[in-house]
Amino acid sequence: MPEIRLEGVAKYYKVETRKHMAVRDIDLKIQQGEFVFLIGSSGAGKSTILKLLGGMIPPDEGTAYLDNISMSRFFGPWQYRLRRTFGCVWQEPWLIRKSTVYENLFLTARSGGMKNKHINAAIAKSLGLVGIQEMAKRYPAELSKGECRRVELARALICSPSVLLLDELTADWDDDNIWDAMHLLDELNRRGTTIVMSTHASKYVNIMRRRVVTLVDGKIAGDVPNGRYGDISRGGRNGTGGFLRR
């Protein structure tokens, strides 16, 4: 299972003729099997950090590593390793609206290198994990925002990735759905999946008591093992706090 590391990382975006700093001076190590919450206000850099961790975008300064190999070397056929390693849910909709739920998941499985004979079982399993087995033949336009997020989570899970990168996964869910998702993520993490999740759901961060990394103005302001929402004391390695059942 992989270790991910950002060393001295900065990322800038062009806004008209100016450079806008998204994140800077980022030193962050995610060890295999960790469960990490990324918190901070909108625009603090959470989405950028997740994309840097997953090799979706390159840093403008510093280096992103996967198992001590710079992700800048993962081009061409090496991209398959990134696809197999990371399962991602982004804030922006990524579902193909003219394809059914089944077809969306099928394309993801094939791009991850899964053989055709295994895909039907993998689709059924991933849809079952998120509780939407009956929606395989429906189109994204027929689903609510919350249901589409479940499909995107199923898609992220379909290749059994070592790492899940989740960007505001629960934003369109009610408390019951968030509880269900947290139980699922907790179980996946206990089985070894690394999870890095940006969220504003402070109640669930406080209940889970996992590692909490806080971003302020594009920089890490806090990194606390077994943390609570808003903790900014600098911490070390993630502890082993478990999930509290309601």
Side-chain angles (χ1 to χ4, degrees), residues 4 30 35-39 42 46-57 79-80 82-114 118-189 191 193-201 204-205 208:
I4 318 162
I30 309 294
F35 194 132
V36 182
F37 287 112
L38 285 181
I39 69 170
S42 296
K46 302 186 298 297
S47 297
T48 301
I49 291 288
L50 287 172
K51 290 177 180 177
L52 288 163
L53 288 171
M56 297 288 294
I57 56 175
Q79 284 291 321
Y80 279 105
L82 293 182
R83 292 174 188 168
R84 289 193 298 266
T85 299
F86 297 102
C88 307
V89 178
W90 306 114
Q91 285 194 53
E92 307 88 353
W94 278 50
L95 295 178
I96 302 170
R97 299 190 68 80
K98 292 185 178 180
S99 297
T100 64
V101 168
Y102 176 92
E103 290 165 342
N104 271 277
L105 269 61
F106 184 92
L107 290 172
T108 300
R110 286 292 293 135
S111 67
M114 188 179 295
H118 300 309
I119 291 180
N120 282 344
I123 290 174
K125 179 181 177 181
S126 61
L127 290 177
L129 284 171
V130 301
I132 53 172
Q133 304 95 313
E134 73 283 1
M135 297 183 184
K137 295 182 179 180
R138 296 171 67 180
Y139 290 86
E142 300 176 294
L143 306 177
S144 68
K145 287 184 179 180
E147 289 168 339
C148 284
R149 297 298 276 176
R150 284 178 177 269
V151 174
E152 293 188 348
L153 179 56
R155 187 179 60 179
L157 294 172
I158 194 165
C159 291
S160 300
S162 300
V163 182
L164 283 175
L165 303 175
L166 309 173
D167 196 359
E168 295 293 348
L169 171 69
T170 62
D172 296 304
W173 290 348
D174 59 23
D175 275 351
D176 286 340
N177 285 321
I178 296 175
W179 272 110
D180 290 343
M182 290 299 182
H183 279 282
L184 171 60
L185 296 177
D186 180 66
E187 182 60 29
L188 291 170
N189 180 245
R191 295 182 182 184
T193 303
T194 302
I195 297 173
V196 187
M197 179 179 185
S198 75
T199 184
H200 290 288
Y204 301 96
V205 174
M208 297 281 281

Ignoring hydrogens and geometry, is there a side-chain-to-backbone donor-acceptor pair from Trp173 to Ile178 under 3.5 Å? no
Look only at the side chain of Asn104 and the backbone of Ser99, and say whether a donor-acceptor pair between them is shorter than 3.5 Å. yes
Taking the side chain as every heavy atom from C-beta outward, state whether [X] and [Y] have any atom pair closer than 4.5 Å.
{"X": "Lys125", "Y": "Leu157", "value": "no"}
{"X": "Tyr102", "Y": "Leu127", "value": "no"}
{"X": "Ile123", "Y": "Val101", "value": "no"}
{"X": "Leu153", "Y": "Leu184", "value": "yes"}
{"X": "Pro140", "Y": "Val151", "value": "no"}
{"X": "His200", "Y": "Ser42", "value": "yes"}

Checking Met56 against Phe86 for the side chain to side chain contact (heavy atoms under 4.5 Å, CB included) test, could you report, in this order, the C-alpha distance in whole Å, the side-chain angles of both residues, the deciding distance, and whether it holds? CA-CA 10 Å; Met56 297 288 294; Phe86 297 102; over 6 Å; no
For Trp94, does the CH2 atom have more than 12 heavy-atom neighbours from other residues, nucleotides or ligands under 6.0 Å away? no
How far apart are the closest heavy atoms of [X] and [Y], and which atoms are they?
{"X": "Asp180", "Y": "Arg150", "answer": "OD2-NH2, 4.3 Å"}
{"X": "Arg110", "Y": "Ile119", "answer": "CD-CD1, 3.4 Å"}
{"X": "Cys159", "Y": "Gly112", "answer": "SG-CA, 4.2 Å"}
{"X": "Leu166", "Y": "Leu50", "answer": "O-CD1, 3.7 Å"}
{"X": "Pro161", "Y": "Thr193", "answer": "O-CG2, 3.9 Å"}

For Leu143 and Met135, what are the C-alpha separation, side-chain angles and deciding distance, and is it a side chain to side chain contact (heavy atoms under 4.5 Å, CB included)? CA-CA 9 Å; Leu143 306 177; Met135 297 183 184; 3.8 Å; yes
Side chain to side chain contact (heavy atoms under 4.5 Å, CB included) between Ile49 and Val196, intermediate numbers included: CA-CA 10 Å; Ile49 291 288; Val196 187; over 6 Å; no
With rounding to the nearest 0.5 Å, note down the distance linking [atom1] in [X] to [atom2] in [Y].
{"X": "Leu52", "Y": "Ile57", "atom1": "CG", "atom2": "CD1", "answer": "4.0 Å"}
{"X": "Thr194", "Y": "Asn189", "atom1": "OG1", "atom2": "CG", "answer": "7.5 Å"}
{"X": "Lys51", "Y": "Asp167", "atom1": "NZ", "atom2": "CG", "answer": "7.0 Å"}
{"X": "Tyr204", "Y": "Asp175", "atom1": "OH", "atom2": "CG", "answer": "3.0 Å"}
{"X": "Ile96", "Y": "Lys98", "atom1": "CD1", "atom2": "NZ", "answer": "11.5 Å"}
{"X": "Leu129", "Y": "Leu185", "atom1": "CG", "atom2": "CG", "answer": "10.5 Å"}

Any Lys/Arg nitrogen of Glu152 or Arg149 sitting under 4.0 Å from an Asp/Glu carboxylate oxygen of the other? yes
Please walk me through it: do Lys46 and Glu168 pass side chain to side chain contact (heavy atoms under 4.5 Å, CB included)? CA-CA 9 Å; Lys46 302 186 298 297; Glu168 295 293 348; 3.8 Å; yes
